[in-house]
Amino acid sequence: MPSNSELAAIFNTIADILDIQGANVFRVRAYRNAARVVEQLSEPIGELVVRDPKALDRLPGIGKGLHEKIVEYCQRGTITEYEELKGSLPAGLLELLNIPSLGPKRVKLLYETLGITTVEALEAAALAGQLRGLPGMGEKSEAKILKSIREYRSLHTGRVQWAVAEAVLTPYLAHLRGVGGIRELEPAGSYRRGRETVGDLDVLATTRGSPADVIAAFTEYKEVKDVLAQGDTKASVVLQGGLQVDLRVVPPGSFGAALQYFTGSKEHNVALRSRAKEYGLKLSEYGVFREEKMVAGRTEEEVYAALELPWIPPELRENRGEIEAAAMRALPRLVERGDIQGDMHVHTTASDGALDIRGMVKVARARGYRYLAITDHSKAVAIAHGLDEQRLRAQIKEIRAIRRELIDFDLFAGIEVDVLRDGSLDLSDEVLGELDFVVASLHFSTELSEAEMTRRMIAAIEHPFVDCIAHPTGRLIGERLPYAVDMNAVIEAARAYHKALEINASPHRLDLNEQHADMARRAGVPVCINTDAHCELELDNIRFGLTVARRAWCTPDDVLNTWSAAKIREWRARRRR
DNA sequence: GCCGTTTTCGGCCCGACTGTTTTCAGTCG
């Protein structure tokens with residue numbers, strides 16, 4: 001099955017290899033651009049090619065050559081040039097590109113002079129002091145590479161982003177639902193609890209038919225690479241890509257108990273079993289028992305009810321006070337998708353987005369939103385064609401004009417303004433004062449000391465026209481560590497100045513993370529769940545941000561973009577008075 | 001590799017930072 005993200009990955013890999021080979025930088029850029037275009041398509045590439053072959057040529061940056069490669073990918077599932085290029089470099093060399101401070105030129109240099117093709121070999125050469133003699137490298141570069149290797153290793157923990165697990169699991173579950181007789185089918189484990197990363201996946205099923213049929217369909221799935229175990233009611237497989245999935249087929253009468261047990265967390269279950277004991281009950285994956293008699297187990301609601309508790313949302317099951325709150329009938333009413341009224345951080349073609357203002361409004365309305373803030377990059381982010389004062393003024397005018405045409409929909413003229421090294425913003429106060437919503441971001445000089453980074457961020461929070469700090473720690477899950485920044489001080493400043501902090505919903509970011517979001521909520525700082533969307537489909541990333549907010553016990557009141565547009569405007573106005 | 005009322009060649013969004021240099025190469029976003 002052709003997929004947009006797989007094709008994008010192929011194009012990016014081609015670009016990496018060409019880059020290392022020293023190919024024309026614009027040729028490399030063309031592949032990277034094509035990867036972005038394909039990734040941002042609203043329609044599966046395979047369907048688009050069949051439905052309207054000419055549509056490919058209308059895509060920006062897709063010419064004759066890339067057109068042919070896309071068609072080849074859709075027909076054959078791969079691209080000849082890609083296979084050839086991959087064969088021209090030792091496996092492992094591309095991995096070196098993931099190490100911060102190593103780019104294509106240095107990877108090529110390391111390979112050609114020292115024959116380095118793996119992270120291990122690189123580390124050994126650095127420790128042996130072999131790097132400092134290379135052209136353009138000294139002791140500092142050597143030390144920095146060693147530090148980068150350590151960071152890289154600490155980020156690659158064998159767990160995958162939740163969204164990656166979702167992408168793998170969704171078609172797998174659809175495949176299993178096709179088995180005759182299947183009744184319930186639910187993923188459990190940390191996946192169901194919505195942890196930001198997932199180690200392996202647990203799936204529970206019940207069937208009217210034979211468990212063996214379900215197990216067989218499970219192990220014969222096309223993406224299965226290895227079958228680790230296969231029994232009458234349980235099997236374990238490893239999929240292409242390395243993710244392990246365990247399936248358990250349980251008796252219908254025990255489904256709720258099994259789902260509860262395998263959802264965890266372990267800490268939640270320990271606390272729950274001790275509560276059961278106080279009630280003279282025994283709780284296991286098979287049910288709730290009084291002596292030998294089963295008193296509950298068919299559904300999770302039944303299991304919790306047997307312990308005189310309301311059902312507890314999986315996101316809260318970490319033994320962080322949820323059982324006590326449930327016992328007092330004081331569980332929070334967690335924020336839900338239907339509460340979200342708009343997105344306060346999206347991009348358009350004015351900077352690096354795929355749709356213009358009207359296009360973004362249309363796709364936001366299609367998702368039931370009542371308002372949208374247009375927040376393109378500011379001029380410091382030159383690569384994204386960020387807006388300077390003049391272009392921003394023109395955009396504000398355009399937004400105001402479009403806003404007047406819209407019925408039952410509010411449009412905020414906004415910006416994602418860059419916080420410079422000294423904590424000042426890269427646009428004048430005059431133009432910032434004309435805006436309806438200002439999101440401030442740090443993109444540059446992010447390796448300063450904790451004191452300096454914290455001071456910068458607080459300076460941005462104190463700025464009278466800033467409303468919200470975007471992706472406050474800058475971390476990329478599995479790719480980049482958070483900035484050195486004192487989040488206690490940042491949250492305290494946001495509280496004092498009545499500013500919001502973003503939960504960036506991009507599955508790569510989830511920033512604030514759940515701990516910081518929880519700290520913000522306790523401090524009374526509104527969080528704003530934004531997608532930072534650059535195209536239509538990224539608007540749907542909102543669900544990942546919602547999970548973070550739910551795990552942080554956020555109710556609708558705690559989340560700025562569940563408020564009405566009028567309430568947001570009033571919140572800003574009150575602050576200025 | 002793409003693109004074109006400067007059209008089939010010769011351009012192609014750029015600025016900051018770092019470490020290595022003494023004028024610049026490489027990386028990052």
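Predicted, not measured: the structure shown is a model, and the values here were computed from it. By convention in this document, chain letters (A, B, ...) are assigned in the order of the sequence lines, proteins followed by strands, and residues within each chain are numbered from 1. Hydrogens, waters and symmetry mates are skipped; everything else that's a heavy atom, side chains included, is used.
- Put simply, CG on A:Leu110 is 12 Å from P on B:dG26, counting in whole angstrom units.
- Applying the side chain to side chain contact (heavy atoms under 4.5 Å, CB included) rule to A:Glu47 yields the partners A:Glu43, A:Pro44; only residues at least two apart in sequence or on another chain are considered.
- Contacts of A:Glu139 with the nucleic acid, taken as non-hydrogen atoms under 4.0 Å apart, involve only primed sugar atoms and P, OP1 or OP2.
- Rounded to a whole Å, the NZ atom of A:Lys108 is 12 Å from the P atom of B:dT27.
- Backbone-only engagement by A:Arg421 is indicated by non-hydrogen atom pairs under 4.0 Å involving sugar-phosphate atoms exclusively.
- With sequence neighbours excluded, the residues satisfying salt bridge (charged side-chain N to carboxylate O under 4.0 Å, His left out) with A:Arg521 are A:Asp518.
- Comparing the C1' positions of B:dC12 and B:dT8 gives a spacing of 16 Å, expressed to the nearest Å.
- Distance from the side chain of A:Arg29 is smallest for B:dC12 among the nucleotides B:dC12, B:dG15, B:dT20.
- Following rounding to the nearest Å, A:Asn33 (CG) and B:dG1 (C1') show an atom-to-atom distance of 10 Å.
- Salt-bridge check for A:Asp16 with A:Lys86: failed, with every basic side-chain N at 4.0 Å or more from each acidic carboxylate O.
- Look at the C1' atom in both B:dC2 and B:dC13: the space between them is 14 Å, to the nearest Å.
- Partners of A:Thr375 under the side-chain hydrogen bond (donor to acceptor under 3.5 Å, both in side chains) rule, at least two apart in sequence or in another chain, do not exist in this structure.
- Comparing A:Leu476 and A:Leu59 along DNA chain B, the residue whose closest nucleotide (by nearest heavy atom) sits nearer the 5' end is A:Leu59.
- Each of A:Leu102 and A:Lys144 was assigned the nucleotide of DNA chain B with the nearest heavy atom; the assignment lying further toward the 5' end belongs to A:Lys144.
- Annotation: proximity of residues 116-137 of chain A to DNA chain B (heavy atom, distance under 4.0 Å) is found for A:Gly136, A:Met137, numbered in ascending order.
- Between the CZ atom of A:Arg391 and the P atom of B:dC13 there is a distance of 13 Å, given to the nearest Å.
- The distance between atom CZ of A:Arg36 and atom P of B:dC13, rounded to the nearest whole Å, is 12 Å.
- A straight line from CG of A:Leu109 to P of B:dT20 spans 13 Å, rounded to a whole angstrom.
- Classification of the A:His377-A:His443 ring pair by plane angle, with boundaries at 30° and 60°, yields perpendicular.
- For A:Arg509 and B:dG29, the CZ to P distance is 10 Å, given to the nearest whole Å.
- For the C1' atoms, the distance from B:dT23 to B:dT18 is 15 Å, rounded to whole Å.
- One distance of note links CZ of A:Arg551 with CD of A:Gln515; it measures 8.5 Å at 0.5 Å rounding.
- Considering only residues two or more places apart in sequence or on other chains, A:Ala163 meets the side chain to side chain contact (heavy atoms under 4.5 Å, CB included) condition with A:Pro507, A:Phe544.
- Residues satisfying the salt bridge (charged side-chain N to carboxylate O under 4.0 Å, His left out) criterion with A:Lys54, sequence neighbours excluded, are absent altogether.
- In this structure, A:Thr80 OG1 and A:Glu68 CD are separated by 11.0 Å, a value rounded to the nearest 0.5 Å.
- Checking B:dC13, B:dG1, B:dT27 against the side-chain heavy atoms of A:Tyr31 singles out B:dG1 as nearest.
- Take A:Thr562 and apply the side chain to side chain contact (heavy atoms under 4.5 Å, CB included) test, not counting sequence neighbours, and it matches A:Val335, A:Asp339, A:Ile340, A:Pro556, A:Val559.
- Set against B:dG29, B:dG26, B:dC13, the side chain of A:Arg106 has B:dG26 as its closest nucleotide.
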Tabulated below should be each protein N or O lying under 3.5 Å from an N or O of nucleotides 4-8 of chain B; please produce it.
none

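- For the P atoms, the distance linking B:dT20 with B:dC28 amounts to 16 Å, nearest Å.
- For the P atoms, the distance from B:dT21 to B:dT27 is 16 Å, rounded to whole Å.
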Steps toward side chain to side chain donor-acceptor pair (under 3.5 Å) verdict (A:Thr348, A:Asp376): CA-CA 6 Å; A:Thr348 73; A:Asp376 276 304; 2.7 Å; yes

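- A perpendicular orientation is assigned to the rings of A:Phe412 and A:Phe437, their planes being inclined by more than 60° (bins at 30° and 60°).
- Of the residues in residues 63-88 of chain A, A:Gly63, A:Lys64, A:Gly65, A:Leu66, A:Lys69, A:Glu81 come within less than 4.0 Å of DNA chain B through at least one heavy atom, sorted by number.
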Per-pair distances, 0.1 Å, donor-acceptor, side chain in residues 121-136 of chain A, under 3.5 Å, sequence neighbours excluded:
| residue | atom | partner | partner atom | Å |
| --- | --- | --- | --- | --- |
| A:Glu123 | OE1 | A:Arg153 | NH1 | 3.1 |
| A:Glu123 | OE1 | A:Arg153 | NH2 | 3.2 |
| A:Glu123 | OE2 | A:Arg153 | NH1 | 3.2 |
| A:Arg132 | NE | A:Glu142 | OE1 | 3.0 |
| A:Arg132 | NH2 | A:Glu142 | OE1 | 2.7 |

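- When the side-chain nitrogen and oxygen atoms of A:Ser141 are compared with OP1 and OP2 of B:dT20, one or more of them lie within a distance under 4.0 Å.
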Trace of the side chain to side chain donor-acceptor pair (under 3.5 Å) decision for A:His471 with A:Glu502: CA-CA 6 Å; A:His471 40 71; A:Glu502 178 177 88; 5.1 Å; no

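- For the segment residues 14-27 of chain A, the set of residues with a heavy atom within less than 4.0 Å of an atom of DNA chain B comprises A:Asn24, A:Phe26, A:Arg27, in numerical order.
- Atom CD of A:Gln390 is surrounded by 12 or fewer heavy atoms from other residues, nucleotides or ligands within 6.0 Å.
- With a cut-off of 3.5 Å on both pairing distances, the Watson-Crick or G-U wobble partner of B:dA25 is B:dT18.
- The side chain to side chain contact (heavy atoms under 4.5 Å, CB included) test applied to A:Thr473 returns A:Arg475, A:Pro482, A:Met487, A:Asp511, A:His516, not counting sequence neighbours.
- Residue-level contact check: A:Ser445 touches the backbone only, with heavy atoms under 4.0 Å from sugar-phosphate atoms and none from bases.
- Spacing between atom CD of A:Glu142 and atom C1' of B:dT20 amounts to 14 Å, rounded to whole angstrom units.
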